[in-house]
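Here's the structure, in structure tokens; my notes come after.
Because the structure is a prediction, the values reported are computed rather than measured. Position 1 is the first residue of the sequence; numbering continues from there.
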Amino acid sequence: MNKKELDLLNRFASKYNVDCKPTKSETAFWDFTYEWDDRKFYCEMKQRNFTLDEAMDKYPEGLLLEMHKYERILRRTKNEKSAQGLYFNFFSDNKALVFNLNKLKVDKWQWRTMPESTEFGKKRFVYKYVTFVDYDKGKLFYI
């Protein structure tokens with residue numbers, strides 16, 4: 001997790017009074033966890049460099065979610081009582097859309113050629129199995 005992502009996470013955690021624990025492993029299948037109301041949450045996080053309105057205009061089909069991340073978080077939550085998987089999307093206008101992966105019904109996946117990593121400067125492209133998550137399936141938060 002880079003500094004900008006960590007700052008966003010800390011702002012969210014402070015505003016909503018949750019104790020988020022970023023993963024320390026580069027190979028973990030989630031970015032952070034937290035516990036609330038006797039439940040544990042495994043969370044994937046995306047920091048978007050555009051506003052939510054811009055996202056809705058530019059990507060009307062929804063927000064991209066990679067199957068391997070979705071699947072691995074769900075596999076983990078199914079093996080722990082009361083665990084849930086969340087998909088956080090932070091936008092540049094201080095809004096966040098959060099999707100509960102355990103309640104999200106996904107039935108349409110497709111292969112896409114995409115950058116291997118979101119790190120700038122890496123130009124290697126690979127095939128990824130992805131879906132698009134409808135904006136209206138997320139819960140809106142302000143940070």
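- The closest side-chain heavy-atom distance from D7 to M1 is not below 4.5 Å.
- Within 6.0 Å of CG on N2 lie more than 12 heavy atoms contributed by other residues, nucleotides or ligands.
- Among L65, V133, T131, the one residue that satisfies the side-chain contact (heavy atoms from CB on, under 4.5 Å) test with Y70 is L65.
- Between Y127 and R112 the shortest side-chain heavy-atom distance does not fall below 4.5 Å.
- More than 12 heavy atoms of other residues, nucleotides or ligands sit less than 6.0 Å from atom CG of D136.
- For the atom pair CZ of R72 and CD of E44, the computed distance is 11.5 Å after rounding to the nearest 0.5 Å.
- Salt bridge absent: K3 and E5 never bring a charged side-chain N and a carboxylate O closer than 4.0 Å.
- Heavy-atom minimum distance, Y42 versus A83: CE1-CB, 4.2 Å.
- Separation of atoms CD (Q84) and CG (D37) is listed at 11.0 Å; rounding is to 0.5 Å.
- Counting only heavy atoms from C-beta outward, the side chains of C20 and T33 never approach each other to under 4.5 Å.
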side-chain contact (heavy atoms from CB on, under 4.5 Å), that's the test. Do H68 and Y129 meet it? Break it down for me. CA-CA 8 Å; H68 76 96; Y129 206 42; over 6 Å; no

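- Under the 3.5 Å distance criterion, the side-chain polar atoms of N100 are matched with a main-chain donor or acceptor of N102.
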Trace of the side-chain contact (heavy atoms from CB on, under 4.5 Å) decision for K69 with M67: CA-CA 5 Å; K69 294 177 181 180; M67 178 183 248; over 6 Å; no

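- Within the 4.5 Å cutoff, the side chain of K137 has heavy atoms near those of the D134 side chain.
- Here the side chain of N17 pairs no donor or acceptor atom with the backbone of A13 at under 3.5 angstrom.
- The side-chain heavy atoms of C43 and Y34, taken from C-beta on, include a pair separated by under 4.5 Å.
- For CH2 of W109, the number of neighbouring non-hydrogen atoms (other residues, nucleotides, ligands) closer than 6.0 Å is greater than 12.
- Smallest separation of non-hydrogen atoms from N89 and F99: ND2-CE1, 3.8 Å.
- E35 and R39 are not joined by a salt bridge, as no carboxylate oxygen comes within less than 4.0 angstrom of a charged side-chain nitrogen.
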E54/Y59 under side-chain hydrogen bond (donor to acceptor under 3.5 Å, both in side chains): CA gap, chis, key distance, verdict: CA-CA 8 Å; E54 289 170 338; Y59 306 105; over 6 Å; no

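- Residues E116 and K128 share a closest heavy-atom pair of O-NZ, 3.3 Å.
- Residues F32 and T23 have side chains not in contact (no heavy-atom distance under 4.5 Å, counting atoms from C-beta outward).
- Between K46 and Y87, some side-chain heavy-atom pair lies under the 4.5 Å cut-off.
- Scanning all heavy atoms of the two residues, the minimum distance from Y142 to Y16 falls at O-OH, 2.8 Å.
- With rounding to the nearest 0.5 angstrom, the OG1 atom of T77 is 8.0 Å from the CG atom of L101.
- Between F88 and F12, the ring center distance clears the sub-6.0 Å criterion.
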Side-chain donor-acceptor distances from residues 91-98 under 3.5 Å, at least two apart:
residue, atom, partner, partner atom, Å
S92, OG, F50, O, 3.3
S92, OG, T51, N, 3.2
D93, OD2, L52, N, 3.2
N94, OD1, R11, NH2, 2.6

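- Chaining together hydrophobic side chains whose heavy atoms lie under 4.5 Å apart places V130 alongside L64, M114, F132.
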